[in-house]
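Working notes, structure below.
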Amino acid sequence: MKIGFHTDAFNSAYWSFDKCLEWAQRHQVHWIECGLIDGVSWIHGLGYQPHVALYEDPVLLRRKMERYGVRFSQVDAAFPLSQEDGPLRGVPYVMKAIAWAAHAGCPCVDTTDGLHAPEGMTESEVMAQMRRSYQQILRVAEAHRVIVNIEPHGYFTTRPGYLAEMLAFSDSACLRLNMDTGNTFIAGQDPADFLARFLPRVSHVHVKDVSESLARSLRGGLTGIAVSHCPLGQGVNAENIRRCLRLLRDAGYTGVLSIECEGAGGPMLEESLAWLRSTLRELGIVESS
C-alpha cells in the first residue's frame, strides 16, 4: 500500500502547498491530497493556505511536484451535493475539478454530502437530486478517465443503506468509495464492518483516529470531522484502523492510505506517519511508492 496525507493537516499552521511538498519530500511520502479552490482567495494568494486553486495550471504544477517526487492521490472537491444548492454550485465545481485533475495526473476526485439533511426536502427527494447530480458528473469523469469517490462524511453517506444506494446511482467504473475510518467511527458506525460491506468499491482511504474526549462527547452526534486532533495510534479508533488495514490487505488493496490528522506544524503528522509505517510492518503490508 502507499502512504499519503491530506494537506488539511497544515490548515492551522497556515502553510502553503509548496511547503507541504517540502514536508512530503523530507519524510519520503510520495502521495499528497489537497483541496481545490474555485476562484481567488486572499489567504491562499498570500501563501497561507495549503490547497490549490483551479486557476493554477495543472500541468505546470504536476511538473513541479515531480521534482519533489510527489504525486496527487486525490483532490478534494467535497462540496455537499445533498444541499439545496448542490446542483447549482457543487456539480459545476466537481466537473471543473475532474478536468483539472486529469491534466494534473490525479486519478481521483473526492465528493460527499452535507452534515445534515436539508430542510424542506424529503430524504427521497434529496437522493433523487444527488442521483441526477452524480449522473451528470460521471459523464465528465468517464470522458477524462478520472474516478469520482464518495466519502462517508455526511447525513446520507455515513448510513450504509443510503451509501449503497448512492454507489448504485450508476454502473460506471468511475464511481467508487473513499473510505474514512474517522468519519464512520464518529458517526456511530463500526469502521471495519462498514468497510467490509463496501470493500470491492474502495479506491482511496482516509486514515483518521479519534481522541477519547471527542468520541465521548460527540460520537453518534456527528457525521464527520475535518481532521483528527490526535495522532494515529493515540486515539480510541486505533484498533479499528488495524482491523480495516487487515481487511484491505486480505482484499489485495494496493492504493493510497491518506493520513488525515492535525499536523501541529509537523510533529503530530510525523507521529501519525511513524505509527502507520510501524503498523503496516506488523501486519506484513509492504509500503510502496
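Residue numbers run from 1 in the order of the sequence given.
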Hey, is the main chain of [Y] close enough, under 3.5 Å, to the side chain of [X] for a donor-acceptor pair?
| X | Y | result |
| --- | --- | --- |
| Gln83 | His116 | yes |
| Arg201 | Leu175 | yes |
| Ser133 | Val91 | no |
| Gln129 | Leu81 | yes |
| Arg26 | Leu21 | no |
| Arg62 | His103 | yes |
| Ser278 | Ala274 | no |
| Arg249 | Leu283 | yes |
| Asn183 | Ile225 | yes |
| Trp31 | Ser289 | yes |

Using the ring of each side chain (for Trp, its six-membered ring), is Phe79 parallel, tilted or perpendicular to Tyr93, with breaks at 30° and 60°? perpendicular
Geometric class of the His204/His206 ring pair [parallel <30°, tilted 30-60°, perpendicular >60°]: perpendicular
If I take atom [atom1] from residue [X] and atom [atom2] from residue [Y], how far apart are they, to the nearest 0.5 angstrom?
| X | Y | atom1 | atom2 | value |
| --- | --- | --- | --- | --- |
| Leu195 | Leu177 | CG | CG | 8.0 Å |
| Gln189 | Arg219 | CD | CZ | 8.5 Å |
| Cys230 | Lys208 | SG | NZ | 11.5 Å |
| Leu276 | Arg281 | CG | CZ | 10.0 Å |
| His153 | Thr184 | NE2 | OG1 | 11.0 Å |

Does some side-chain heavy atom of [Y] sit less than 4.5 Å from a side-chain heavy atom of [X]?
| X | Y | value |
| --- | --- | --- |
| Cys20 | Cys34 | no |
| Trp275 | Asp209 | no |
| Val75 | Val52 | no |
| Leu245 | Leu257 | yes |

Can you list the steps and then say if Phe5 with Cys261 is a side chain to side chain contact (heavy atoms under 4.5 Å, CB included)? CA-CA 8 Å; Phe5 71 97; Cys261 168; over 6 Å; no
Determine, stepwise, if the pair His30 / Lys2 fulfils side chain to side chain contact (heavy atoms under 4.5 Å, CB included). CA-CA 8 Å; His30 302 286; Lys2 306 171 183 72; over 6 Å; no
Just checking [X]: does its [atom1] atom have more than 12 heavy atoms from other residues, nucleotides or ligands closer to it than 6.0 angstrom?
| X | atom1 | result |
| --- | --- | --- |
| Lys64 | NZ | no |
| Arg145 | CZ | no |
| Glu56 | CD | yes |

Return yes if a side-chain donor-acceptor contact under 3.5 Å exists between [X] and [Y], otherwise no.
| X | Y | result |
| --- | --- | --- |
| Glu262 | Ser12 | yes |
| Asp76 | His6 | yes |
| Asp113 | Thr157 | yes |

Side chain to side chain contact (heavy atoms under 4.5 Å, CB included), that's the test. Do Tyr14 and Ile43 meet it? Break it down for me. CA-CA 9 Å; Tyr14 296 103; Ile43 195 168; 3.8 Å; yes
Check against side chain to side chain contact (heavy atoms under 4.5 Å, CB included), Glu123 and Tyr155: CA-CA 10 Å; Glu123 293 179 0; Tyr155 178 87; 2.4 Å; yes
Of Ile147, Val140, Ile98, the one forming a side-chain contact (heavy atoms from CB on, under 4.5 Å) with Val109 is Ile98
